Structure formats: C-alpha cells, structure tokens
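Please read the structure below before turning to the comments.
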Amino acid sequence: MAKSKLRADQFVLPHHSDNQANAWSESASKYGNEFLDPFRDSVVNPLLTMLAEIGAEDSAKMTVADLGCGTGPLLPVLIEQFGEVIALDFAAEMLVQCRERIGAEKSAKVQFLNRAMHELDDLADKLDVAVSVNSLVMPDLRVVHKTLKNIFAALRPGGRFLGVVPSVDAIHHHSLMLWDAYLDQGYSMEESERLVSTHMEHHMYNFAFGKFRFGQLDQKFWQPDELKYHLVKSGFTEIRIVRLEYPWDDSLAGYKLLKNHPKTWDWTFEARRPSA
Ligand SMILES: C[S@@+](CC[C@H](N)C(=O)[O-])C[C@H]1O[C@@H](n2cnc3c(N)ncnc32)[C@H](O)[C@@H]1O
C-alpha cells in the first residue's frame with residue numbers, strides 16, 4: 001500500500017483568525033465556568049514559587065511575556081513583579097477579557113499582542129522570562145516544536161521558560177481513583193466503568209496521543225517525560241517538572257467520593273535557554 005505522507009513543512013501554523021483562535025474567543029466570556037483555575041485560592045501553585053524565586057530586585061528590570069494569557073489570571077502577579085509585561089494570545093476576545101479583568105490603569109502597563117505563540121521573531125533575544133499556562137496545547141506536535149523553538153529564540157541567553165501544561169496521566173489517575181470509589185460503593189464492574197467513562201467524559205479524549213476535544217477546542221494534554229523530551233529537543237536545559245496538585249473540590253468529577261484519595265494534578269515546568 002502506498003504511504004500517504006505530507007512533507008514535514010506542510011503543516012498549518014496557528015493564526016489569530018483561524019478556527020481555533022475563533023473557538024477560544026468564543027469561550028472567553030464563559031472561561032471561568034468551563035476551565036480549571038490553577039490560581040484559585042485552594043491550590044498551591046508551584047509556578048508562583050518559581051516566579052518568586054527570580055527575586056523582586058532582578059525581575060523589576062526584566063521583561064516577561066505571558067504567552068496564551070487567556071483572560072489574564074496571572075497578569076496581576078506579573079505586573080506587580082516585572083518591569084515590562086507582554087500579554088499575548090491569538091484569541092482577540094481573550095485579550096478583551098484580560099483588559100477588563102485588570103482595568104485601564106494596569107492595562108496601560110501591558111503590551112497586548114493578538115497573535116499566535118510562535119510569532120515571536122520581533123522579540124528575538126528580548127525576553128527574560130516567558131510563561132505559558134495551559135496554552136502549550138496545540139494538537140500538532142510540529143506546531144508545538146516550532147512554538148518551543150521560537151520561544152527559545154525569543155529568550156535572552158539564560159532566560160527562563162515557566163509554565164503549566166494539562167496532564168493526560170492525571171486524567172487516567174482520576175479515572176482509576178473514581179473507578180475504585182464506585183466499586184467501594186457497591187456498583188458492579190460494568191456499572192462502575194460506565195459511570196467513570198461518563199463522568200470523566202472519556203469520549204472527548206484520545207488517550208493514545210494525549211488529545212482532548214471540548215466543543216470546537218482541540219487540545220494536547222501531556223505526559224511529563226514527553227514534555228521534558230520536547231523541551232530538550234528545542235534546546236532548553238535545567239528542566240524541572242513538578243506536580244501542581246488540585247484539591248478534590250466541586251470542579252472535579254466525583255469529588256465527594258474522592259476526598260481521601262491521592263489528588264489529581266497538572267504539570268508545572270521550568271526550563272532555561274542556556275547562557276551564551
Ligand atoms: C486553557 S487557556 C489558558 C489561558 C490562561 N493562560 C490561563 O491560565 O487561564 C489557553 C489559552 O491559550 C491560547 N492559545 C492556544 N493556542 C494558542 C496559540 N497557538 N497562540 C496563541 N494563543 C494560543 C488560547 O486562546 C487561550 O486563551
């Protein structure tokens with residue numbers, strides 16, 4: 001059988017007017033109701049510790065970019081800490097929500113860029129810190145790689161890349177914990193498996209490739225070793241990956257049954273462009 005093989009350079013890069021950007025724009029006004037918030041009060045977020053470790057004195061002279069900033073939950077922290085702040089998102093409506101969240105005075109201190117995350121040529125060697133919170137989610141690995149390489153090039157030598165990625169292994173863990181909890185409640189094997197699949201929305205996942213489809217939104221979820229592999233492939237060093245654990249609260253399926261089970265998580269990471 002003849003192999004159907006597109007040339008490697010024929011993949012389509014994201015753009016601020018493409019379907020995915022429009023789908024994210026459409027989700028902007030209801031974002032808080034539909035997505036887990038890694039900055040909510042009950043969560044101990046290692047990303048905030050990583051940012052604090054940079055030190056106030058140093059960061060006051062630094063430029064930071066929040067790549068895929070969404071509605072801007074991290075922006076108040078970045079504005080407080082860093083000298084210059086860039087907020088980038090390819091979904092125009094996300095930037096509208098961002099400005100609303102932080103208000104006119106703080107918005108005036110931020111450079112807003114409505115573009116895709118790989119479009120960083122004009123920022124080459126300019127960023128001290130790049131942040132990506134649940135925005136490195138492009139389902140095509142070639143787009144991920146192009147994006148990571150361009151983030152690497154946008155950082156100054158020695159610059160840091162910090163972020164959070166959605167975890168696919170945690171979806172598996174959460175499902176297994178819920179399965180056990182239903183069996184403990186006396187459900188049959190068949191019924192417990194059906195309940196887990198329904199409540200965990202397994203039909204929206206492609207577990208083999210770590211993909212998740214929510215409405216029109218296509219997202220990549222990550223295994224930690226896979227994330228490390230792609231960061232190394234893109235040139236990053238000094239990679240640290242740690243769990244961002246979520247308490248069992250009403251944003252998580254079956255939380256009432258899971259209070260005493262090990263928590264679920266996303267992955268927080270830190271990486272560096274090597275010093276010259
Ligand atoms: C899950 S949301 C996270 C938003 C925000 N960082 C937060 O923590 O709430 C993902 C965001 O990344 C943006 N995004 C996804 N792919 C992008 C790309 N290729 N270029 C620019 N923004 C992108 C989406 O528009 C969306 O605002």
Side-chain angles (χ1 to χ4, degrees), residues 11-40 43 45-48 50-51 64-79 85-102 110-121 123 127 129-151 154 161-168 171 204 210-222 230 244 246 251 266-269:
F11 62 93
V12 180
L13 285 163
H15 189 258
H16 71 273
S17 63
D18 70 18
N19 288 346
Q20 283 302 296
N22 291 337
W24 280 110
S25 266
E26 275 169 31
S27 79
S29 60
K30 45 191 186 230
Y31 185 85
N33 297 330
E34 293 187 339
F35 289 83
L36 274 185
D37 177 7
F39 301 108
R40 61 187 186 275
V43 175
N45 189 328
L47 179 69
L48 298 176
M50 290 170 179
L51 282 167
V64 65
D66 188 352
L67 304 172
C69 60
T71 62
L74 188 58
L75 279 182
V77 174
L78 300 181
I79 293 166
V85 179
I86 296 167
L88 177 152
D89 205 292
F90 70 169
E93 191 54 33
M94 287 289 183
L95 297 180
V96 171
Q97 297 286 328
C98 236
R99 287 175 195 269
E100 243 172 61
R101 177 197 286 264
I102 62 176
V110 176
Q111 185 186 357
F112 290 94
L113 299 177
N114 181 207
R115 53 163 99 152
M117 273 166 75
H118 66 276
E119 295 176 312
L120 301 173
D121 287 359
L123 296 174
L127 303 179
V129 180
V131 185
S132 158
V133 180
N134 287 329
S135 54
L136 196 66
V137 290
M138 310 79 176
D140 187 328
L141 284 183
R142 295 166 300 181
V143 176
V144 168
H145 187 57
K146 170 93 177 150
T147 304
L148 286 175
K149 277 181 71 173
N150 290 6
I151 293 171
F161 180 34
L162 311 177
V164 177
V165 291
S167 155
V168 70
I171 302 299
M204 296 188 186
K211 292 189 194 179
F212 175 58
R213 169 160 263 242
F214 177 64
Q216 296 305 306
L217 296 172
D218 285 317
Q219 294 177 74
K220 175 82 181 87
F221 279 37
W222 293 87
H230 283 285
L244 187 175
Y246 295 110
S251 57
D266 277 332
W267 291 109
T268 318
F269 65 89

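Start at 1 with the first residue, then count along the sequence. Note that the coordinates shown come from a computational prediction; the quantities given were computed from them, not determined experimentally. Side chains included, hydrogens not; waters and symmetry mates left out as well; all remaining heavy atoms used. We count ligands from 1, going down the list as the structure has it; atoms in each ligand are counted the same way.
- Within ligand 1, counting atoms from 1 as listed, the ones closer than 4.0 Å to a heavy atom of Pro14 are 19 (N).
- Judged by distance alone, with hydrogens and angles left aside, the side-chain atoms of Asp89 form a donor-acceptor pair with the main-chain N or O of Gly70 at under 3.5 Å.
- Looking only at heavy atoms of the protein, atom 12 (O) of ligand 1 is closest to Ser135 CB, 3.3 Å.
- Among the atoms of Met138, none of the N or O lies under 3.5 angstrom from an N or O of ligand 1.
- For CG of Asn19, the number of neighbouring non-hydrogen atoms (other residues, nucleotides, ligands) closer than 6.0 Å is 12 at most.
- If you check which protein heavy atom lies closest to atom 20 (N) of ligand 1, you get Met117 N, 2.9 Å.
- Taking the side chain to side chain donor-acceptor pair (under 3.5 Å) definition, one finds that Ser251 meets it with Arg40, Asp249, sequence neighbours left out.
- Using a non-hydrogen distance threshold of 4.0 Å, Arg115 registers as a contact of ligand 1.
- In terms of the salt bridge (charged side-chain N to carboxylate O under 4.0 Å, His left out) criterion, Lys146 has no residue partners (sequence neighbours excluded).
- The main-chain N or O of Ser167 is found under 3.5 Å from a side-chain atom of Asp266 such that the two form a donor-acceptor pair.
- Residue Asp89 places at least one N or O, backbone or side chain, under 3.5 Å from an N or O of ligand 1.
- Close contacts between ligand 1 and Gly68 involve ligand atoms 4 (C), 5 (C), 6 (N), 11 (C), 12 (O), 13 (C), 22 (N) [criterion: under 4.0 Å to a heavy atom].
- Side chain of Ser25 to main chain of Glu93: a donor-acceptor pair is present (N/O by atom type, distance under 3.5 Å, no hydrogens or angles).
- Counting protein heavy atoms only, atom 5 (C) of ligand 1 is closest to Cys69 O, 3.3 Å.
- Across the listed options Phe39, Phe90, Tyr31, Tyr31 owns the non-hydrogen atom lying nearest to atom 2 (S) of ligand 1.
- Taking CE of Met117 as the start and CG of Leu88 as the end, the distance is 7.5 Å to the nearest 0.5 Å.
- For ligand 1, the polar-atom distance check against Pro73 finds no nitrogen or oxygen pair separated by under 3.5 Å.
- Relative orientation of the Phe214 and Phe35 rings is perpendicular, given thresholds of 30° and 60° on the angle between their planes.
- The Met94 neighbourhood of ligand 1 comprises atoms 27 (O), with distances under 4.0 Å to a heavy atom of that residue.
- Ranking protein heavy atoms by distance to atom 10 (C) of ligand 1, first place goes to Asn134 O, 3.3 Å.
- When each atom of ligand 1 is checked for a heavy atom of Ala91 under 4.0 Å away, the hits are 25 (O).
- With hydrogens and angles ignored, the 3.5 Å screen pairs no side-chain donor or acceptor of Asn150 with any backbone N or O of Leu120.
- Residue Val133 has at least one nitrogen or oxygen atom sitting less than 3.5 Å from a nitrogen or oxygen atom of ligand 1, judged on distance alone.
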